[in-house]
Colleague: 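Have a look at this one before I ask anything.
As a basis for the values below, the full set of heavy atoms in this structure was taken, side chains included, without hydrogen atoms, waters or symmetry mates. Positions are given from 1, in the same order as the sequence printed here.
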Amino acid sequence: AAFATILSHSTRSRSNAVIHPEVLLKTLALYPISSEQPPTNLSNDDDGKHDSTNNVIAIDPKYAALQTWLANLGDSPSWACTVGEACASAFVMGQLFPPTGEWTPESGSSQTERTMAGSIVLLCTLAAASTESNAGKMLWPAIHKGLTSVPQSPSWCGAHRTCRSLLLLENGCLLGVTSGVGNGDLVMDKSQRMMPPPPNIEMLLSHAVDFDLAH
């Protein structure tokens, strides 16, 4: 957390500094999302929708420091949101690293892909904390790209995209930020029971399960 604190003090006011996305993601990679991430406190807004982005920042001082640093980069508060959404889409489409070979069930996802997925989700989460947006709104369009169909053996066409989408979904779930307007809102009914996700989200999750079972 010490380095994150130093970063937060390096841009005390908006510097208009624009960091190359690759450098930004490598910096955030120093803070991997853990599968033992402390659970966020569920809090509903006035519409009954769950928004845990601010809770994620509040429960971990290093995330709060990184959010302060990120908020003062670029020429506006929305700069990081734009970069986060663009990186998520480019990641799923394989545009952020050299071309990889054919996907096989044995090879799966590389460590580079796993690390980058965590960095992108963290970027979107931190960016959302500084604006009126939310991380789910930035992540779901990219997740859609890889889960609209199910790759099949033996060609596994599109499997790279599917795996990258699943990595974004996994990390988003670990941080509890994969909600968003029209994209899987966690909505409570009057008795405070969680409502089912929208049909389009159920379809994507079904594709994810089918892909996992297929290989």
Side-chain angles (χ1 to χ4, degrees), residues 21-22 25-26 28-29 31-37 39-40 50 52-53 56 81 83-128 134-186 194 196-215:
E22 182 179 0
L25 294 178
K26 286 184 176 180
L28 295 178
Y31 303 92
I33 298 171
S34 171
S35 59
E36 299 178 357
Q37 194 72 30
T40 58
H50 167 60
S52 62
T53 297
V56 170
C81 293
V83 173
E85 186 170 358
C87 283
S89 178
F91 170 72
V92 171
M93 301 307 293
Q95 298 169 347
L96 295 184
F97 32 73
T100 56
E102 292 186 5
W103 187 91
T104 66
E106 291 75 23
S107 62
S109 299
S110 68
Q111 185 58 48
T112 299
E113 290 173 314
R114 294 176 183 276
T115 300
M116 188 173 292
S119 296
I120 290 171
V121 171
L122 183 54
L123 168 59
C124 292
T125 302
L126 297 173
N134 66 51
K137 185 176 180 181
M138 299 177 226
L139 292 168
W140 274 107
I143 294 172
H144 274 257
K145 292 178 183 295
L147 291 177
T148 52
S149 61
V150 183
Q152 300 289 335
S153 176
S155 66
W156 297 114
C157 181
H160 281 301
R161 291 194 300 274
T162 299
C163 285
R164 292 171 193 138
S165 290
L166 288 174
L167 288 174
L168 293 180
L169 182 59
E170 175 187 8
N171 283 279
C173 288
L174 289 175
L175 284 183
V177 296
T178 47
S179 62
V181 177
N183 291 306
D185 300 325
L186 301 183
M194 188 179 297
N200 63 319
I201 299 301
E202 286 192 307
M203 180 190 70
L204 293 180
L205 296 179
S206 177
H207 287 171
V209 172
D210 290 343
F211 175 68
D212 282 339
L213 293 176
H215 71 280

Colleague: With rounding to the nearest 0.5 Å, note down the distance linking NE2 in H207 to OG in S165.
Modeller: 12.5 Å
Colleague: Does the pair H144 and N200 meet the rule for a side chain to side chain contact (heavy atoms under 4.5 Å, CB included), with working shown?
Modeller: CA-CA 10 Å; H144 274 257; N200 63 319; 4.0 Å; yes
Colleague: Decide side chain to side chain contact (heavy atoms under 4.5 Å, CB included) for R114 and L167; before the verdict, give the C-alpha distance in whole Å, the side-chain angles of both, and the deciding distance to 0.1 Å.
Modeller: CA-CA 7 Å; R114 294 176 183 276; L167 288 174; 4.1 Å; yes
Colleague: Look up atom CG in L122 and atom OH in Y31, then write down how far apart they are to the nearest 0.5 Å.
Modeller: 10.0 Å
Colleague: If you take all heavy atoms of L25 and S119, which pair is closest and at what distance?
Modeller: O-OG, 3.1 Å
Colleague: Looking at CE of M138 and SG of C87, how far apart are the two atoms once the value is rounded to the nearest 0.5 Å?
Modeller: 11.5 Å
Colleague: Shortest non-hydrogen contact from S149 to T162?
Modeller: O-OG1, 4.3 Å
Colleague: Whether the side chain of T125 engages the backbone of V121 through a donor-acceptor N/O pair (distance < 3.5 Å, no angle test) should be reported.
Modeller: yes
Colleague: Could you walk me through whether C124 and V177 pass side chain to side chain contact (heavy atoms under 4.5 Å, CB included), step by step?
Modeller: CA-CA 9 Å; C124 292; V177 296; over 6 Å; no
Colleague: Can you check side chain to side chain contact (heavy atoms under 4.5 Å, CB included) on L126 and L28, steps first, answer last?
Modeller: CA-CA 10 Å; L126 297 173; L28 295 178; 4.0 Å; yes
Colleague: Can you tell me how far CD1 of I120 sits from CD of E85, rounded to the nearest 0.5 angstrom?
Modeller: 12.0 Å
Colleague: Using 0.5 Å steps for rounding, measure from the CD1 atom of I143 to the OG atom of S89.
Modeller: 11.5 Å
Colleague: Please report the closest heavy-atom contact between G136 and P141, naming both atoms and the distance.
Modeller: O-CD, 4.4 Å
Colleague: Tell me every residue that passes side-chain contact (heavy atoms from CB on, under 4.5 Å) with E22, counting only those two or more places apart in sequence or in another chain.
Modeller: H20, K26
Colleague: Between A128 and C81, which heavy-atom pair has the shortest distance, and what is it?
Modeller: N-SG, 4.4 Å
Colleague: Could you pull out the closest heavy-atom pair between L166 and A208, with the gap in Å?
Modeller: CD2-CB, 3.4 Å
Colleague: For residues W140 and I201, determine if any side-chain heavy atom of one lies less than 4.5 Å from a side-chain heavy atom of the other.
Modeller: yes
Colleague: List the atom of T178, the atom of L169, and the distance in Å for their closest heavy-atom pair.
Modeller: CG2-O, 4.0 Å
Colleague: Any heavy-atom pair between the side chains of E113 and R164 that's under 4.5 Å?
Modeller: yes
